[in-house]
Novice: 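Right, I'll just put the structure down here and ask away after.
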Amino acid sequence: MGWLSDSVPPPADTHAKQQLVDAIEEARPDAAPALVALHRVTANVLRVKNTWRFTLSHATAHTPIAAALWEEINTHTVELMNRAQREGLLAPDADLEWTRQVYYALLSEALDRPGADQDPAAQDPDALATLVIDTLLHGAGPRG
């Protein structure tokens, strides 16, 4: 009968992706200014990604359900990036597709920081969210 039956759980990567969608929605990104929403979403996503680190980094080929979940994640992210742009957090001419890709890369890199395995505080989702957002919005250049 396949994994869609009640007796067989979905594949782990599908379950992990659903938890990412849930984490984004639990942050209620439409209920706060874009910067607050971006921080909430980022911290929630980092919590899930940390829990499902291996599964999400070694996901199996997309099933239709997994592909639909990725599309939902991308849609939420693009909507939030659009709001950030409208609210002046991102430049009016910023390439939002590129910004989304950079944001995803920063999320992944945040969990793999050198020395983080020796310092549990370095894995704090709220501190990592601040680091990700600061890097996304300001880069590594001097502050003006």
Side-chain angles (χ1 to χ4, degrees), residues 2-4 8-144:
W3 68 271
L4 293 175
V8 179
D13 67 319
T14 300
H15 186 66
K17 289 173 185 136
Q18 182 60 58
Q19 284 194 9
L20 284 172
V21 170
D22 294 344
I24 293 166
E25 291 174 353
E26 285 170 14
R28 299 178 48 223
D30 295 334
L35 183 59
V36 173
L38 187 58
H39 188 275
R40 284 185 199 162
V41 167
T42 302
N44 284 2
V45 165
L46 286 167
R47 283 181 185 93
V48 172
K49 286 180 76 67
N50 193 39
T51 301
W52 290 95
R53 187 180 298 233
F54 180 81
T55 301
L56 289 169
S57 66
H58 296 91
T60 58
H62 287 304
T63 63
I65 291 173
L69 290 169
W70 274 130
E71 184 60 34
E72 190 171 352
I73 291 165
N74 286 334
T75 298
H76 283 302
T77 304
V78 169
E79 288 172 0
L80 187 51
M81 295 294 166
N82 278 317
R83 272 196 40 227
Q85 193 172 47
R86 284 193 307 273
E87 292 181 23
L89 293 175
L90 298 171
D93 60 345
D95 179 338
L96 295 185
E97 178 58 26
W98 175 247
T99 304
R100 181 190 62 79
Q101 288 178 280
V102 169
Y103 175 67
Y104 287 177
L106 289 169
L107 287 169
S108 294
E109 291 300 319
L111 294 172
D112 294 327
R113 294 183 72 197
D117 52 343
Q118 284 93 28
D119 181 10
Q123 290 296 314
D124 175 60
D126 289 311
L128 289 174
T130 299
L131 179 63
V132 166
I133 294 164
D134 186 56
T135 304
L136 180 71
L137 297 180
H138 307 291
R143 304 287 190 249

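All values below come from the heavy atoms of this structure, side chains included, with hydrogens, waters and symmetry mates left out.
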Novice: Which heavy atom in R83 sits nearest to a heavy atom in P33, and how many Å separate them?
Specialist: NH2-C, 3.2 Å
Novice: With sequence neighbours excluded, give me every side-chain hydrogen bond (donor to acceptor under 3.5 Å, both in side chains) pair touching residues 125-138.
Specialist: H39-T130, R47-D126, D134-R143
Novice: Can you name the closest pair of heavy atoms from E87 and A34 and give their distance?
Specialist: OE1-N, 2.9 Å
Novice: Which atom names give the shortest non-hydrogen contact between L46 and L128, and what distance separates them?
Specialist: CD1-CB, 3.6 Å
Novice: CG of N74 to CG of L69: how many Å apart, nearest 0.5 Å?
Specialist: 11.0 Å
Novice: Going from CD on E72 to CD on Q18, what distance comes out if it is rounded to the nearest 0.5 angstrom?
Specialist: 6.5 Å
Novice: Are the side chains of I73 and T77 in touch, meaning some heavy atoms are under 4.5 Å apart?
Specialist: yes
Novice: Over all heavy atoms of both residues, which pair between P29 and I24 is shortest? Give the atoms and the distance, please.
Specialist: CD-O, 3.3 Å
Novice: Considering all heavy atoms of both residues, which atom of H76 and which atom of E25 are nearest to each other, and what is their separation?
Specialist: NE2-OE2, 3.3 Å
Novice: Hey, could you give me the CG/CD distance between L96 and Q85, rounded to the nearest 0.5 Å?
Specialist: 4.0 Å
Novice: Tell me the closest heavy-atom pair linking L136 and M81, and the distance in Å.
Specialist: CD2-CE, 4.1 Å
Novice: When rounded to the nearest 0.5 angstrom, what distance separates CD1 in I133 from CG in L106?
Specialist: 10.5 Å
Novice: So do the side chains of W98 and Q101 get within less than 4.5 Å of each other, counting heavy atoms only?
Specialist: yes
Novice: What's the spacing between L35 CG and L80 CG if we round to 0.5 Å?
Specialist: 10.0 Å
Novice: Drop me the distance from L131's CG to E109's CD, to the nearest 0.5 angstrom.
Specialist: 11.0 Å
